[in-house]
Amino acid sequence: MPLPDLLLPPLPSLSEQQLRRQSDELRSRIIRANYNTQFAQTVPELADFRRATAGLIDGMDDDILSESFRKTVQLTTYDSYAPFIARFFEQPCKASAIVDLLVPGLPDHISRSSSTSGGLPKHFPKYNRLSKLRSSDVRSWTISDPLRRRTTAYVCYFGNSVLIRRMILYLDPDEDEEKMGTFILDHAAPYAAGFITKWRSFLLIHALFALGSRSLESMNMVFITTFVDMIRHLDTEFDTVVDCIANGTIPDFDGIAEFRHHLEVNIVADPERAAELRRIGRPSSRPGWCGHVWPNLRSVAAIASGSFASSVPLAQWFLGPNAGIRSLGFGTTECWIGASYSPLELNQFKLTNIEIIELLDISKDDSTDALAQLWEVELGKRYELVLTTWDGLWRYRLGDVVEICGFDPTDGVPIIRFVERRNMAIRLPNIMVTEEELRTAMSSVVLNMRVKVINWTTTIDDRSFSATIGFFVELADDQVSELSRAPERLLDELSRLNRKIAHEVAIREAIRKPTIRLLRSGTFSDFLQLKLDEGSRNNGQVKVPVVLPKAEYVTWFANRVVQEF
């Protein structure tokens with residue numbers, strides 16, 4: 001049944017009252033849970049709040065406590081938390097320094113952000129996950145039969161401290177070893193495949209088991225770029241993978257030695273399936289290849305908005321007309337922001353009611369006076385997300401900018417779309433080009449050209465006297481000549497989006513056409529492995545920034561250029 005049209009303002013008074021009451025109750029519960037922690041009792045951003053609630057918090061009604069919070073708690077950034085979180089990495093690490101730090105007790109694990117902004121990675125302690133998991137009677141169903149019907153390719157990493165996916169699947173980390181050789185639910189690949197740290201091998205092993213299952217119905221991964229990467233690596237190693245399916249063997253890929261036994265006991269020789277795959281051919285041989293290989297495949301669930309949207313056309317080319325891309329939702333390392341609102345919209349999310357989300361009007365000064373509650377936001381306006389979470393964040397500025405699309409007519413909760421990371425931009429003399437403008441320009445140009453873009457990123461190209469925007473681009477095909485027209489088209493599109501660029505072009509022609517440097521095949525996959533080797537251990541959750549944040553990364557990409565336009 002289709003969803004009802006988005007509700008436009010003003011909100012019915014009943015919806016506003018309901019949102020107020022729910023927000024007050026949730027905010028009050030989070031405050032009471034984390035009030036007596038080392039962070040909350042010492043940081044200056046909460047000093048006014050401590051004075052206003054000292055000795056009173058236990059007897060305060062939810063609405064009064066919530067109102068006190070809104071009036072007195074200041075905005076925080078990661079700098080507010082960094083000195084506290086640093087204690088986890090001190091040698092020796094003293095229990096007294098970290099107990100009751102952000103939340104009462106000790107964390108289950110520490111998550112690490114993907115650090116696309118170029119600074120040091122951010123770490124976020126996560127609390128009370130394992131206790132909830134272990135107190136639940138629910139557990140993932142596992143089976144050791146490799147001949148059973150397998151319908152889902154779950155291409156996600158389970159290693160290190162990636163606890164959120166374990167929670168979703170009710171997997172206790174203490175039971176990892178006994179589950180290594182089993183299949184979780186209806187997954188195509190054994191559990192062990194989720195612990196491979198080499199990006200290329202991780203994808204190819206998942207591809208091997210998925211390809212061996214003709215009954216596949218769905219795929220699930222964090223980003224749509226993971227799907228594209230997997231299919232492209234499979235295209236390169238197609239003969240090897242198909243031979244393994246025919247013979248029931250595991251290829252000698254880098255980084256799988258410790259998992260080989262668990263993988264080998266779960267692959268069964270299937271020469272008939274291998275013969276069928278050889279008749280179909282490799283992924284690049286035809287559009288809609290996935291539909292021929294997996295006739296029952298209907299969806300790929302992955303984040304496909306923001307900087308990942310440029311990979312959607314290529315992903316759909318591989319998928320064909322019978323399988324669609326479905327959004328997973330809007331999640332960050334800090335917290336879950338919202339669920340996908342409509343299956344047809346990859347960039348439309350309903351805000352969560354799990355944590356407190358406030359919205360900072362980006363057209364105003366960065367102060368608490370510019371904060372709007374859920375029932376106060378305006379249609380079409382842009383805001384930065386501000387979080388208060390069960391994991392001990394207090395009015396934390398996320399840096400993600402969203403736009404209000406409307407409101408869910410069932411309860412009045414805002415529906416948002418992701419716009420860009422705040423302050424992520426190319427800055428030229430007299431001109432600032434935002435992440436959104438770069439993404440929109442590239443998407444528009446790609447849609448009107450006969451090229452299949454794997455991925456792209458940008459930097460300031462100052463190799464000539466007049467600096468301009470430099471694009472690094474990797475293609476999935478050999479339509480290289482098409483790129484010769486791209487710089488002029490990009491300039492036209494950026495001029496349409498950015499008035500200052502249009503002015504410079506029209507008056508002084510002071511800005512050169514953007515440059516495009518074509519990268520050798522596999523560059524972005526190698527970049528993800530580089531990020532993993534640097535310490536971003538969440539395999540499959542590493543992002544490619546729209547604007548390269550480090551000079552070393554610019555040099556790294558420049559050394560992989562094969563042609564320039």
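In this chain, numbering begins with 1 at the start of the sequence shown. Keep in mind the model is a prediction, meaning the values are calculated, not measured.
Shortest non-hydrogen contact noted between F418 and D400 is CE1-CG, 3.8 Å. The minimum heavy-atom distance between E67 and R70, with the atom names listed, is OE1-NH2, 2.6 Å. Taking both residues in full, the closest heavy atoms of I57 and R32 are given as O-NH1, 2.6 Å, listed atom of the first, atom of the second, then distance. The nearest pair of heavy atoms linking I196 to Y157 is O-CE1, 3.6 Å. Contact detail for L102 and Y127: the closest heavy-atom pair is N-OH, 3.6 Å.
Remark: the D254 side chain and the S201 side chain contain no N/O donor-acceptor pair separated by less than 3.5 Å. At a cut-off of 3.5 Å, with distance as the only test, a side-chain donor of D176 or Y191 sits close to an acceptor on the other residue. No side-chain N or O of T434 forms a donor-acceptor pair with one of E436 less than 3.5 Å apart. A donor and an acceptor atom, one from each side chain of T389 and D391, are nowhere located under 3.5 Å apart. For the residue pair D48 / T72, no side-chain donor-acceptor distance below 3.5 Å is found, with atom types taken as modelled. Side-chain atoms of E45 and T76 form no donor-acceptor pair, as typed in the model, at a separation below 3.5 Å.
Few gaps surround NZ on K381; more than 12 heavy atoms of other groups in view lie less than 6.0 Å from it.
Contact of the W394 side chain with the N34 side chain is registered, since non-hydrogen atoms from C-beta on lie closer than 4.5 Å. With contacts defined as side-chain heavy-atom distances shorter than 4.5 Å, the pair R417/Q348 does not qualify. The shortest side-chain heavy-atom distance between L371 and L359 does not fall under the 4.5 Å cut-off.
Judged purely by atom type and a 3.5 angstrom limit, R422 has no side-chain atom pairing as donor or acceptor with the backbone of E384. A donor-acceptor contact shorter than 3.5 Å links the side chain of T458 to the backbone of V546. Not a single donor-acceptor pair under 3.5 Å links the side chain of S218 to the backbone N or O of T152.
The existence of a salt bridge linking R87 and E90 is excluded, since no basic side-chain nitrogen approaches an acidic carboxylate oxygen closer than 4.0 Å.
Using the six-membered ring where Trp is involved, F557 and F524 have ring planes that are tilted, between 30° and 60° apart. Between F158 and F195, the two ring planes are tilted [angle within 30° to 60°].
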Criterion salt bridge (charged side-chain N to carboxylate O under 4.0 Å, His left out) on R20 and E16, from CA distance to verdict: CA-CA 6 Å; R20 280 179 178 270; E16 180 177 331; 3.5 Å; yes
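Residues Y553 and F527 bring their aromatic ring centres within 6.0 Å. Within the 6.0 Å centre-distance limit, the rings of Y78 and F124 are counted as a close aromatic pair.
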